[in-house]
Amino acid sequence: MWLFHHYPQPIRQQHSHTRRHPSPPHSHTRHPTSVTLPPSTTNHLIQTLCKKGHLKQAIKALTQEPNPTQRTYELLIHTCALANSLSDGVTVNKRLMDDGFDTDSFLATKLIDMYSELGFIEYARKVFDGLSNRTIYVWNAFFQALTLAGCGLDVFGLFCEMNANGVKPDRFTYTYVLKACVASDSEVSLLAKGKEIHAHILRHGFEVNVHVMTTLVDMYARFGSVLEAGYVFDGMPAKNVVSWSAMIACYAKNGRAYEALQLFGEMMVEVDDLTPNSVTMVSVLQACGALAALEQGKLLHAYILRRGLDSVLPVIASLITMYARCGNLEVGKRVFDQMRKRDVVSWNALISSYGMHGFGEQAIEIYNEMLRNKIKPSPITFVSILGACSHAGLVDEGKRLFDSITKEHNMRPTVEHYACMVDLLGRANRLDEAAKIVQDMRMEPGPKVWGSLLGSCRIHCNVELAERASKRLFKLEPTNAGNYVLLAEVYAAAHLWDEVLRVKKLLQNQGLEKKSGCSWIEVKKKVYSFASVDEFNPHIEQLHAFLLQLSMEMKEQGYRPETKVVLYDVEEEEKERILLGHSEKLAVAFGLINSSRGETIRITKNLRLCEDCHSVTKFVSKFANREILVRDVNRIHHFKDGVCSCGDYW
DNA sequence: TTAGGGTTAG
C-alpha cells in the first residue's frame, strides 16, 4: 500500500483486540445498520464531532469505536476534506479498508471526492483502481476528479472502458466528460473528442437535458467555436437562464460583444419568466466594456441597482472594469469607493483600470493601499500592477515589484509575470535587458513572452531580435497571424520589402489572413462599426470625403502622414490613401459628424492604434476642439488639445 | 451521493 507510506501506522491494532463482535470476512454483514445492534453512542459522538468540525476529536473517538457505520465514515471523510487534512483523510481511508468497507462503492465515491478536493489525484486514482464494483457514481466522481486535476485526457479512455463494461452514462457523466475536453493540460486540442461526445449525447437521447446541452454550449464556447455553440443553443428544446448566460458569455469571450448585447436584449424582451442574474450581468458588462458602449453600460448599472445585484462582488468588479474601459475611470473609482466589502478581485479591477489609463503611479498607490488593508495579492494583481508600470514607463518600480513577488510575497512569478517584465523593458527600449530576462528565465518562455519581445521589437524596429523571437513564435503558434504581421511590420519599417513579401507569403501559404482593423463607436446609445476595407458601409463616401478634406487642412497645419506603417511597397500617395481608410479614422469622422459639440467621442479598436491614426487624432482633438477617447487592444488613449494621455508611449 | 453559465490581466 504505497498510498500510506508517509503516514503513521494505522490505529487498527489499538482497537482490534477491544472489539466485542469479531468481524466476519465481508464488511456488509458486519455493518451495524445491517445487523441488529444497539445504536452505538460512539458512532453518534463521532458524527456529532464531525458535524461541528472537530476533526481531531472525531478521529480520536474513532479509535474507541469498534464498528463505525457507513454514515460515520461518510461524515469523517467529508470533515477531512473540509479541514484540508490529507493525513487524517488517509487515516480514515486506511481504517475503513481494514474494516472491510473496501468494496463499499458509496464510500469510494466519497473518498475520490475528498482526495480530489485535497488536490491528490493519484490517491483518488488508487481508490478508483482498487474498486471492482464501480457504480455510475464512482465513475462520475472519478471523471470529475480527473478533470479538476487537469487530466482531462485520461477521461476518454475510461469513458470507453465504462461503456464497454456496460455501465450507461447518465446526464452527470456527460457534463463531466465535456468539461474534461476543455480542462486538459495536454497540448492536444480535444475539440474533436468533444464532438464525439456530442454525437454520443445525441445517440443516447440526452439532447433534452438542459444541463448537458448547456455544458455543450460552454464547451464549444471555450474552443472558440462560436457557430457550433450557436447551433446547439438554437436547437435546445428548453433553455433557462444558465443556457442564455452561457451563450451570452460565449459571444462576450470570443470577441463578439455586439452579438452578446443583442442576445441579452432578446432575452430581456422576448423570453418571459426569465430573469437575468448576476452571472448574466457579468458577461453583459464585459461586452459593454469591449464595445466601450457607455450608455448601455449605464443602463445596466441602473438595472443592477434595481435588482439588488450590487452586493455581488464579481458584478461590481465587472462594473468597475466596464466604466474604465469605456473611458470613465472616475465613475469606476466611485463604484469602488462605495463598496462595503472588497476582495482581491475588486482591487485588481481598480489597479488595472488605472493601469490602462496610463496612471501608473496611482495604480501603485492603490496597490499599496490594498496591502495596508491586509488583502493578499493574487498572481493577477501582479499582472495588473506590472502592466500599469509598463503603460506608464515606470521601469524601476516595475522591477522592484517583480522582485517583491518572491522576496516579500513568497510567490513564484509565472510566465505571465515574465511576459509583463519583457513588455515593460521592451517598450522602454531596453531590449537587451528584455532579451536577457527571456534567456535567464527558469521556465520555458511561452508564446506570451516571445510575443511581448516581438511587440517591443516592432515599436523600436529591431530586426535582428524580431527575427529571433518570431522564429520561436512561428514554432509555438504556427497559426497566429498576428506574429507574422508584427515581423512584416518590422521589415517594412526597415524598408526590407523582399522580406515583407516573404513573410506575407508564409502567411498566405498557411491559409492565414492579417486580422483586419475594425473600430466601433457608440452614438446615441447605438453602436456603429467600421472596417478598414468597408465598401458596403452606407456612410463610406461621406466619410472618405470628410477625411480627405480634413487631411488637406491638417497638412497645412504641419501634419505629415506616417506612411511607414503601410505594409505595401507602393507610391507615397497610395500609402496616404490607404492610411485614410483606417477604421479608427472612419469612426472619428463618423463621431465628429454625428455627435454634438462638447460630447466626448469614444472609439474602440480591435488592434493596436497605428502611429498615423494616433497623430491624426491628436490633430483632430485640437482643431475640432473635441475630447476623443480611443481604446485599442492595449490601453486607453485620451486625446485633448492635441495631446494624448499616453504621452506617445504605447 | 454528483450538475450547467461569471469576476480581475494580457
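A quick note: this is a predicted structure, and the numbers were derived from the prediction, not measured. Letters A, B, ... are given to chains in the order of the sequence lines, protein chains preceding strands, and every chain is numbered from 1.
Contact annotation for A:D218: backbone-only contact, meaning every heavy-atom pair under 4.0 Å involves sugar-phosphate atoms and none involves a base. A:D113 comes within 4.0 angstrom of nothing in the nucleic acid, heavy atoms only. Across all strands shown, A:T175 has no heavy atoms under 4.0 Å from either base or sugar-phosphate atoms. Contacts of A:S353 with the nucleic acid, taken as non-hydrogen atoms under 4.0 Å apart, are absent. Within 4.0 Å (heavy atoms only), A:I380 reaches at least one base atom of the nucleic acid. Among the atoms of the strands shown, none is found under 4.0 Å from any heavy atom of A:F382. Across all strands, A:V210 comes closer than 4.0 Å to base atoms (heavy-atom distances). Counting any heavy atom pair closer than 4.0 Å across all strands shown, A:V633 reaches no nucleic acid atom. Within 4.0 Å of A:V212, counting heavy atoms only, lies no atom of the nucleic acid at all. At a threshold of 4.0 angstrom between heavy atoms, the contacts of A:K253 are confined to the sugar-phosphate backbone, with no base atom among them. Using a 4.0 Å heavy-atom cutoff across all strands shown, A:T381 reaches no nucleic acid atom at all. In this structure, A:R222 reaches the sugar-phosphate backbone alone: every heavy-atom distance under 4.0 Å involves primed, P, OP1 or OP2 atoms, never a base. Note on A:N240: a base of the nucleic acid sits closer than 4.0 angstrom, heavy atoms only. Residue A:K179 is in sugar-phosphate contact alone, with no base atom involved, counting any heavy-atom pair closer than 4.0 Å across all strands shown.
Along DNA chain B, the stretch of nucleotides lying under 4.0 Å from any heavy atom of chain A spans, 5' to 3', B:dT1 to B:dG10.
Salt bridge A:R71/A:E74: present, at least one basic N to carboxylate O contact under 4.0 Å.
A donor atom on one side chain and an acceptor atom on the other are not found under 3.5 Å apart for A:N606 and A:D632. A donor atom on one side chain and an acceptor atom on the other are not found under 3.5 Å apart for A:S384 and A:N348. A:H211 and A:Y174 are not linked by any side-chain donor-acceptor pair at a separation below 3.5 angstrom, with hydrogens and angles left out of the test. There is no side-chain donor-acceptor pair under 3.5 Å between A:T321 and A:S318. For A:S346 and A:D343, the side-chain atoms include at least one donor-acceptor pair closer than 3.5 Å. For the residue pair A:N483/A:S470, the side-chain donor-acceptor check at 3.5 Å is not satisfied.
For A:R171 and A:F206, the positive end is not near the middle of the six-membered ring at less than 6.0 Å and at most 45° from its axis.
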Watson-Crick and G-U pairing of DNA chain B written in dot-bracket, each distance under 3.5 angstrom, with | for inter-strand partners: ..........
Worked check of ring pair (Phe, Tyr, Trp, His ring centres under 6.0 Å) between A:W347 and A:F336: CA-CA 8 Å; A:W347 287 92; A:F336 177 87; 4.9 Å; yes
